[in-house]
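Everything quoted here is computed from the prediction, not taken from an experiment.
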Amino acid sequence: MHKLTKIAIDKICRRRNELGLSYEALANKADISKSHLFYLENQNSPKSIDNPKIETLIKLAEALDIPFYKLFID
C-alpha cells in the first residue's frame with residue numbers, strides 16, 4: 001500500500017470513530033457497501049483493499065465532511 005493511501009485510510013478511520021459512526025452508517029452516507037469500507041479500513045484482513053478507487057475516497061471524504069486534499073496530509 002502506498003504511504004499516501006495509508007494516511008488517507010487512517011484519517012477516514014479516525015474521523016469515523018470521532019463522529020461515532022458505524023461502518024454501516026458511514027457506508028450509507030458515502031453510498032458504498034459496508035463490507036467495502038470494512039476491508040478498506042482493516043488492512044490486516046485477507047480481503048483488504050490496497051488500492052481504493054479515487055471515487056471511493058472522494059465519497060468518504062464528502063461523507064465525513066473532510067476536504068479531499070486533507071485526507072493526504074498527515
Side-chain angles (χ1 to χ4, degrees):
M1 173 184 298
H2 192 277
K3 182 182 176 186
L4 287 176
T5 303
K6 175 144 179 45
I7 290 169
I9 292 169
D10 288 346
K11 189 164 282 190
I12 288 165
C13 183
R14 277 193 315 270
R15 183 71 175 149
R16 181 181 64 76
N17 287 316
E18 286 171 3
L19 295 174
L21 295 172
S22 65
Y23 289 113
E24 186 171 14
L26 178 54
N28 286 337
K29 276 183 89 168
D31 195 29
I32 64 172
S33 75
K34 179 175 74 169
S35 61
H36 189 81
L37 177 59
F38 177 83
Y39 292 125
L40 183 66
E41 282 192 18
N42 293 281
Q43 293 301 306
N44 296 326
S45 169
K47 294 183 179 181
S48 68
I49 299 169
D50 290 335
N51 297 306
K53 291 182 179 181
I54 192 98
E55 293 85 2
T56 301
L57 295 177
I58 290 169
K59 287 179 177 185
L60 288 165
E62 289 174 351
L64 292 168
D65 200 27
I66 300 172
F68 179 70
Y69 74 95
K70 286 193 176 183
L71 285 181
F72 304 97
I73 300 172
D74 195 14

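- The salt bridge (charged side-chain N to carboxylate O under 4.0 Å, His left out) check on D31 picks up nothing, with sequence neighbours excluded.
- Atom-to-atom distance recorded for L60:CG and C13:SG is 11.0 Å, nearest 0.5 angstrom.
- Among residues at least two apart or in separate chains, there is no ring-ring contact (aromatic ring centres under 6.0 Å, His included) pair with a member in residues 43-63.
- In terms of heavy atoms, K11 sits closest to L71 at CD-CA, 3.9 Å.
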Distance-only criterion, 3.5 Å: show the donor-acceptor pairs between side-chain atoms of residues 20-29 and protein atoms not counting sequence neighbours.
residue: S22; atom: OG; partner: E24; partner atom: N; Å: 3.4
residue: S22; atom: OG; partner: A25; partner atom: N; Å: 3.0
residue: Y23; atom: OH; partner: N42; partner atom: ND2; Å: 3.1
residue: N28; atom: ND2; partner: E24; partner atom: O; Å: 3.3
residue: K29; atom: NZ; partner: A63; partner atom: O; Å: 3.1

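- Residue pairs meeting the ring-ring contact (aromatic ring centres under 6.0 Å, His included) criterion with at least one member in residues 49-71, sequence neighbours excluded: F68-F72.
- For K70, the side chain to side chain donor-acceptor pair (under 3.5 Å) criterion is met by no residue, not counting sequence neighbours.
- For the residue pair L64 and R15, the shortest heavy atom distance occurs at O-NE, 3.4 Å.
- Listed by first then second residue, pairs satisfying salt bridge (charged side-chain N to carboxylate O under 4.0 Å, His left out) with a partner in residues 51-66 number zero, not counting sequence neighbours.
- Expressed to the nearest 0.5 Å, how far CD1 of I32 lies from CG of L40 amounts to 7.0 Å.
- Within the 4.5 Å cutoff, side-chain heavy atoms of L57 are placed close to those of I12.
- H2 NE2 to I7 CD1: the interatomic distance, rounded to the nearest 0.5 Å, is 9.0 Å.
- Residue-environment remark: CG (N51) stays at or below the threshold of 12 foreign heavy atoms within 6.0 Å.
- Follow the hydrophobic side-chain contacts under 4.5 Å out from L4 and you never reach I73; the two are in separate clusters.
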Derivation of the salt bridge (Lys or Arg N to Asp or Glu O under 4.0 Å) call for D10 and R14: CA-CA 6 Å; D10 288 346; R14 277 193 315 270; 5.1 Å; no

